[in-house]
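To keep things clear, I will list the structure first and then write my remarks on it.
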Amino acid sequence: MTIRGAGTTMSRRPSSGGRAWRGPGARIAAALAGVGLTVLAIYQLSDPSSPVKADRDAHVRAPQGAGLDPLTDQEIQEAQRAALADQPRGQAAAGRPQVAFVSANRLDGPDGGPRVADVRLYDYRTDELVVRHVDLASGRVVKSERAKGTQPMASVEELRHAVGLILADGRLGPALRASYKNAAGREPSSAADIHTRGHIFLAPQAAGASNAASVAKCGDQRCFSVNLKLPNGTWMETGRIVINMSTQRVITLNR
């Protein structure tokens, strides 16, 4: 398989349209806005972390699929293990994952042919997308490809790390903790307490910001923008904040 469009992205840009929350917490919202955090009104938004439906197809629960069936849960796990077998995850630099598992899908092929999983990873050591084809019968990687400038969707592990970087930031961290405490009655014990949705951030999205040069490499490097959900259901718009996962930096755009 050839990876086309080295400058393309497989992510969706964050939607806009939220309006500043104007309730009892307006003073908190104003304070957060000064450091790039704004509290939004509560809307009925789709939640990507919703549990999988109990009535999902039986083939997903089966140990092995057949023919052109989608990958089963077990096959996805086996493909993931095979694709990550040679990766030094325990030696992650600066606390970030060297390689983040992104997705696994059955590679298209003829009915009756071998079942092959297409596993996509992101290698932080080289800032490259890695695509590995795993033969599910043998559990071996039969083909591996790399491409720069292509950004897969953010994984759960990466998003938690991105939130951890925000919490550790000298300006944003205290504001986020205060807002969380106002909603939950306590501070977050870890980044995992904060529900997160993330999007790939590309350099052109900073157009108009006086410090756009600080995110000029986003796209070649792995950068995120995130939305954070408080325990009371309120979403915090963090549109001016960019997390450069490759350099471990948090940048607030000046617009």
Side-chain angles (χ1 to χ4, degrees), residues 1-13 46 48-93 96-162 197-200 202 219-224 245-246:
M1 185 186 79
T2 300
I3 303 175
R4 298 180 180 177
T8 61
T9 177
M10 288 181 284
S11 67
R12 294 181 300 174
R13 294 183 60 178
S46 59
S49 66
S50 298
V52 178
K53 293 181 180 179
D55 61 348
R56 62 184 178 174
D57 294 341
H59 70 260
V60 174
R61 300 190 297 269
Q64 297 293 326
L68 300 180
D69 287 344
L71 296 181
T72 67
D73 288 349
Q74 182 170 318
E75 286 177 322
I76 290 175
Q77 294 171 5
E78 291 173 353
Q80 178 182 356
R81 284 195 294 269
L84 294 173
D86 64 345
Q87 300 302 314
R89 292 176 66 82
Q91 302 175 18
R96 67 182 179 232
Q98 293 273 26
V99 179
F101 173 68
V102 177
S103 64
N105 297 285
R106 190 189 59 76
L107 190 65
D108 288 338
D111 193 3
R115 287 175 64 77
V116 179
D118 177 5
V119 183
R120 294 168 184 266
L121 319 166
Y122 193 83
D123 192 337
Y124 278 98
R125 296 167 299 175
T126 58
D127 270 316
E128 292 178 309
L129 171 71
V130 181
V131 181
R132 290 187 164 179
H133 302 304
V134 178
D135 183 299
L136 294 170
S138 65
R140 295 190 307 171
V141 175
V142 295
K143 188 176 183 180
S144 184
E145 300 169 287
R146 288 176 171 266
K148 284 187 175 291
T150 299
Q151 297 291 335
M153 294 176 63
S155 69
V156 172
E157 180 183 10
E158 289 177 300
L159 290 177
R160 285 180 178 172
H161 189 75
R197 297 189 307 182
H199 313 271
I200 300 299
L202 303 177
D220 292 325
Q221 295 178 338
R222 192 149 173 78
C223 300
F224 296 158
M245 298 289 290
S246 297

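Side chains are part of it too, since the values below use all heavy atoms of this structure and drop only hydrogens, waters and symmetry mates.
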For residues Glu158 and Met153, report the shortest heavy-atom separation together with the two atoms involved. OE1-O, 4.2 Å
With Gln221, which residues qualify under side-chain contact (heavy atoms from CB on, under 4.5 Å), at least two apart? Asp127, Lys217, Asn244, Ser246, Thr247
Indicate the atoms forming the closest heavy-atom contact of Ala154 with Arg222, along with that distance. CA-NH2, 3.6 Å
What are the two closest heavy atoms between Asp118 and Val131, and how far apart are they? OD1-CG1, 3.0 Å
Measuring from atom CG of Leu159 to atom NE2 of His199, what distance do you get when rounded to the nearest 0.5 angstrom? 9.0 Å
Who pairs with Arg160 by side-chain contact (heavy atoms from CB on, under 4.5 Å), at least two apart in sequence or on another chain? Val156, Ala192
Go through the structure and list residues passing side-chain hydrogen bond (donor to acceptor under 3.5 Å, both in side chains) with Thr126, not counting sequence neighbours. Glu128, Arg146
Of all the heavy-atom pairs spanning Leu202 and Gly219, show the shortest one and how long it is. CD2-CA, 3.7 Å
Nearest-0.5 Å distance that lies between atom CD in Gln151 and atom CD1 in Ile200: 5.0 Å
Work out which heavy atom in Val134 is nearest to a heavy atom in Ala82; give both atom names and the distance. CG1-CB, 3.7 Å
What's the spacing between Glu78 CD and Leu71 CG if we round to 0.5 Å? 10.0 Å
Between Arg115 and Pro70, which heavy-atom pair has the shortest distance, and what is it? NH2-O, 3.2 Å
Let me confirm one number: the CG-CZ distance from Leu129 to Arg120, rounded to the nearest 0.5 Å. 6.0 Å
